[in-house]
Each structure stands twice: as structure tokens, then as C-alpha cells.
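Encoded as C-alpha cells, the structure appears first; notes follow it.
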There are 2 protein chains.
Amino acid sequence: MAERKIGERNNEPEFLAAYDATEFDRPSVAVDVAIVTVMDGHLEVALVERAEHPAKGSWALPGGFVQMDESLDRAANRLLAEKAGLTDVYLEQLYTFGEPTRDPRTRVLSVAYYALVDHAQLDTGAESSLSFGRIDVPWEGETGGPVDARSQQGQEMPLAFDHADILGMAVKRIRGKLDYTPIGFQLLAATFTLRSLQDAHETILGRTLNKDSFRRRMLATGLLEATGERESEVGHRPAELYRFTKRSAI
Amino acid sequence: MAERKIGERNNEPEFLAAYDATEFDRPSVAVDVAIVTVMDGHLEVALVERAEHPAKGSWALPGGFVQMDESLDRAANRLLAEKAGLTDVYLEQLYTFGEPTRDPRTRVLSVAYYALVDHAQLDTGAESSLSFGRIDVPWEGETGGPVDARSQQGQEMPLAFDHADILGMAVKRIRGKLDYTPIGFQLLAATFTLRSLQDAHETILGRTLNKDSFRRRMLATGLLEATGERESEVGHRPAELYRFTKRSAI
DNA sequence: TTAATAGTGTCTCTGAGACACTATGTG
DNA sequence: CACATAGTGTCTCAGAGACACTATTAA
């Protein structure tokens, strides 16, 4: 196909049609996933230590390149399975990061996702190459901005590339969703008490919630149903166990 | 364990570092922008008619390819300027669409944006290659799903590729934002009456709002300030004109 | 029995809707 | 003047926070 002059191109609706896919450079496209969980009253995120340059020794969200025949969602699911052995977890696209200099090697876009998982599914011990970083949110509410991670011992875990921005966006999004959905149950086992759900919400939001109105709000959504079972061996009156009515409907 | 085998290769943090950017095929990356405005009580979106295959004769959101040295935001701003002559308007990244088959020619990811503009900035007449489609939302609230467009005369304007999905996502996002921001002022001139702001909100939401509480809510945000001026020649008591206090802070 | 948390009943406060009323332009 | 819409004051209702009280288990 004949080449076109740049001037003509801009006004032309057929820009795309005339475009020869091999004519121009294309960026690489990666998917990075913030696998978020709640552990011991802290928000945590799965990280891998970078063993090579660039950003050697710093920590990165698990990620990989999109293959030519898979959708973005599928790539994110594949990475979850490959890197963390997770299937069938809550996963949602977050934002696409595309600063030309975000990766020093070459132009790499990152389509970021976040996943919410029950930590019991995760701490499979030493066999995994994943570590967990405690999320350190320096702002309140849904303000946004970069967010760093620390180890359980309080040491900084410096994040590679723009992954602190991705993490910040994830926290912001999750907090925002919490205002109108009981999304926290994605972080819990199949049955759970209202108190543990409230703990998860409080951990995510970074503030305490009113017990009474939390209970009322959650039950009013109609998304929870009592199992009739109760927890046991807790040293006090056992709470009713609930489950979610429609896990997919979020 | 079967997972273990898959794990071997993926346990390698150096996956990214070892990656040769030229080794694999990369997708093309486009930016498409839903330029949304309110006109005569309808939501409208800017469209260009496709003059060439594929999807010849159908309508598409203005878009183009990301250049290797520009960020995604910059690409979206460039396209706004090139295709619609717009600068300095409200623009936000929406979602990235990446079904492998969404473009029949080659693998093209679309990073979708939406822009909110005052229609007075737009109808520059015949000189533009942009047309406007009336947005036809088949669902209520913030449910989501594809959304089609019609001409002012009511004719269908079939959308190319997955652009109906992009448009649906844009409407969903805009409606969602409206719940906690007076975002509608991005669609109005610099000064405006509370009634016209309410009209914009009602058009976006597709339902009527309570006058009293709308007024209270808007003034309570602290984002509006009275100019001391009033509209004139309206055949009834003129309303106070307001302006926004911090246009950038949304 | 005591400790500790689950769960309920009720009061208050705040914000939204409803509605009545006053204000102020144009014709 | 009448008309039409702007803008205010106030009542009611629903949901959230506060708090007191009862329930139920383990130790």
C-alpha cells in the first residue's frame, strides 16, 4: 500500500484502515497484577524480588508480557495461576501505565490489574517465589498517590519501576469500591463472621467503622446469608457464620 | 503437583530482565477517545464515519496510534487537539480493551479515554470531520453494557469494532462519578446557573433529580461560588450565575 | 461465676425529599 | 398586572452513630 503524507493522515477517518501494522514501532505490553490480601490486620501485596538489572534487588508486582492470542483478562488470569497458583479469584483491570520512560530497557506499557484473595490461599510457605509486602498508605480516604511496601519486620521494600504508583491506584480503587460494595468478602474464606468482614473493611480503609451500622449496612445489601452455623472455640459467645449469596455479581 | 511444573519457569524473577524486546510479536496500541457532551437534553458523543474497510460506513470514536515517545495521556490529548481542535478539557483514562479479535486486521489494544466538553466548544460547523451521535442507554443506573448511538433524526449509527462497549463503559464511569462529584460542570460554560447544572446531571443520569436537595448538595461541596451576576432575558426571575472554584481538583 | 464478644432495641442526629411560600425578572 | 422560574424555610422520613442492654460461649 502506498505511503501517505502525514498531513493528510490527521483529518482522515481512514487512518486506521490505511495503517500498515508493520510500518511503525510498537510498544511491548505487559500485565502486572497487584495481588492484595489482608493478614493480621494489615493490607499486604505479593511481590517478587528482581534478581537482574534493571532495578535489581528491588521489588516488583508479578507480571509478564501479553501474548498475541490472549486477551488482557486472560493474560492476567494466566499470570495469577503461573506466579501464585491462584485460579478463580476476584480480578479487575485497574489502569494502564504508559510513561515512555517507565521501563529503562524499551517502551513497555503496563496494563495493571488487582486481585483480592483470602490469605489462607496464599501462604503456601517457602515453595513460592512470592514474598509479601505490608502496604504503607501515606494518605487518607481515596486521595491517591504512590504507596510503598515494608516487610513484616518493618524494612522498606523499594518498588521497581512505577509499581508504587500502581499500588497506590489499587488501594484507591479498592477503597472506593468499598463505599458501595461489601467487596471485602473476596479476602475471606467461604464462610466468615460479620466481625471478620468488618476487620477486613477497617484494614482496607485504614480507619475504624461503627459496629452497629456496619452490621445493618451489610445485611441490608442482601448479599450475605446466614449459614445457621457458628464459629467455635473462640473464648466468648460464638458469632454466626455468613456466606455470600452471589459471588459473581460484584 | 502439576502446578509445580508450570511454576519452574515462572518462579524466575528474571523473566522480565531476560526478555528480548525484539524476540516476540507485539500488539499495536491505539488510543480512542469518547468525547462526550450534552446537547438539547441529550448525551452526545463525537464520531467519525469510517470510509474504508473494515467496518466501512459504520461509526468510530476518534482515535489513533500511540507514538513511541509519548505517554498515553499525551497521545489522548494530541488526538483531542488533532481530531476535534480541543485543548484543556476534562480527560480521563477509562479502560483498556484487548480482545485479540477486536480489530480484524491485526492485534490492536485500545486504551480508551473519555472527555467531557461544553458543546459550545464543539459545533464549529461543517469544517470538522466529526459528527455527533445521540447516546442511547438501554440500562439504568450504573449497570453497564454496550451502548449505541443514533443521529439527531433517530437513525441508528452502528459503531465499529467494540466501540459500543467503550461507550457503555464511559457512560457507566461518568454516572458513577456523578454520585460524588459535580462533574457535570465540565460540560458547561465557565459560568452557569444551578438549573443548567441540574439539567446536565439529569441528562447524564437519565432520570430527574430533586431540585432542593440538588441545590443543597452542590452548594455543600464548596466547589461552586456565586459570581454575583445573574442571567438575563429569560422571561422569568433570573438565576444567579455560578462558577467553579477549582476546575483542576476533580 | 467471670470474661469477652455477639447481637438487639432505641434514641438522636443528619441529610434527602416534599411542599409551601416568597422573590424578582419579562411581557 | 400576570406568569414563570429562582430561591428559602420547614416538616417528615430514612439511615448512621451512639449507647445500653441481653445472650451465649469458654475457661
Side-chain angles (χ1 to χ4, degrees), chain A residues 40-41 140-142 175-182 184-185 188-189 191-243, chain B residues 40-41 140-142 175-182 184-185 188-189 191-243:
Chain A
D40 304 326
E140 303 209 336
E142 298 158 31
R175 286 187 173 177
K177 278 232 151 180
L178 220 49
D179 290 344
Y180 55 93
T181 46
F185 59 76
L188 303 175
T191 67
F192 52 88
T193 65
L194 285 175
R195 180 69 232 178
S196 63
L197 182 61
Q198 184 176 343
D199 285 340
H201 279 229
E202 290 180 345
T203 300
I204 293 171
L205 295 175
R207 63 188 176 88
T208 57
L209 297 171
N210 180 277
K211 183 182 90 166
D212 313 66
S213 79
F214 180 81
R215 161 178 296 271
R216 271 182 305 212
R217 240 180 34 229
M218 287 303 118
L219 296 177
T221 62
L223 294 173
L224 306 191
E225 83 190 352
T227 61
E229 317 249 310
R230 298 174 158 249
E231 60 181 346
S232 61
E233 300 172 4
V234 284
H236 55 76
R237 174 175 173 181
E240 174 104 38
L241 290 169
Y242 287 80
R243 79 167 72 86
Chain B
D40 306 327
E140 303 207 338
E142 297 159 31
R175 284 187 174 177
K177 279 233 151 181
L178 220 49
D179 290 343
Y180 54 96
T181 45
F185 58 76
L188 303 175
T191 67
F192 52 88
T193 66
L194 285 176
R195 179 70 231 178
S196 62
L197 182 61
Q198 185 175 343
D199 286 340
H201 278 228
E202 290 181 344
T203 300
I204 292 171
L205 294 174
R207 62 188 177 87
T208 57
L209 296 171
N210 181 277
K211 182 182 88 165
D212 312 65
S213 78
F214 181 80
R215 160 179 297 271
R216 270 183 305 211
R217 239 177 38 225
M218 288 302 118
L219 296 177
T221 62
L223 294 172
L224 306 191
E225 83 189 352
T227 61
E229 318 250 307
R230 303 177 153 244
E231 59 181 348
S232 60
E233 300 173 4
V234 283
H236 56 76
R237 174 175 173 181
E240 175 101 38
L241 290 169
Y242 287 81
R243 79 167 72 86

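Below, each value reflects all heavy atoms present in this structure, side chains not excepted, and no hydrogens, waters or symmetry copies. Letters A, B, ... mirror the listed sequences (proteins, then strands); counts begin at 1.
- Between A/K211 and B/R217, the residue anchored nearer the 5' end of DNA chain C, judged by the nucleotide with its closest heavy atom, is A/K211.
- Taking atom CD on B/E240 and atom C1' on D/dT5, their separation rounds to 15 Å, with Å as the unit.
- Considering every non-hydrogen atom in both B/S196 and B/F192, the closest pair reads OG-CB, 3.5 Å.
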Atom pairs and distances, side-chain donor-acceptor, residues 201-209 of chain A, under 3.5 Å, sequence neighbours left out:
from, atom 1, to, atom 2, distance (Å)
A/E202, OE2, A/Q198, NE2, 3.0
A/E202, OE2, A/L209, N, 2.8
A/T203, OG1, A/D199, O, 2.9

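- Between A/L197 and A/Y242 there is no side-chain heavy-atom pair separated by less than 4.5 Å.
- Remark: the backbone N or O of A/T191 is not paired with any side-chain donor or acceptor of A/R243 at under 3.5 angstrom.
- Atom CG in B/L194 sits about 10 Å away from atom C1' in D/dA6, given to the nearest Å.
- For A/R215, the listed nucleotide lying nearest its side chain is C/dA6; candidates were D/dG7, D/dA18, C/dA6.
- Protein atom CZ of A/R195 is 21 Å distant from nucleotide atom P of D/dT24, rounded to whole Å.
- Taking every heavy atom of both residues into account, B/G184 and B/L178 meet most closely at N-CD1, 3.9 Å.
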I'd like a list of close polar pairs between nucleotides 9-11 of chain D and the protein, N/O only, cut-off under 3.5 Å.
from, atom 1, to, atom 2, distance (Å)
D/dG9, O6, B/D212, OD2, 3.3

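- Nucleotide D/dT24 holds its P atom 15 Å from the CD atom of A/E231, rounded to whole Å.
- Checking side-chain atoms of A/T227 against main-chain N and O of A/L241 turns up a donor-acceptor pair under 3.5 Å.
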N/O contacts under 3.5 Å, protein versus nucleotides 22-26 of chain C?
from, atom 1, to, atom 2, distance (Å)
C/dA23, N3, B/R237, NH1, 2.8
C/dG25, N2, B/G235, O, 3.4

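- Taking atom CZ of residue A/F214 and atom P of nucleotide C/dG7, one finds them 13 Å apart after rounding to whole Å.
- The distance from atom CG of B/N210 to atom C1' of D/dG7 is 14 Å, rounded to the nearest whole Å.
- Panel note: side chain A/R230, backbone A/P238; a donor-acceptor pair is recorded below 3.5 Å.
- When atom types are taken as modelled, the side chain of A/E231 and the backbone of A/A239 share a donor-acceptor pair closer than 3.5 angstrom.
- One atom, CG of A/L219, and another, P of D/dA16, lie 12 Å apart when rounded to the nearest Å.
- Here D/dT25 presents its P atom at 14 Å from CD of A/E229, a figure rounded to the nearest Å.
- Side-chain atoms of B/T221 and B/T181, non-hydrogen and from C-beta on, never get closer than 4.5 Å to each other.
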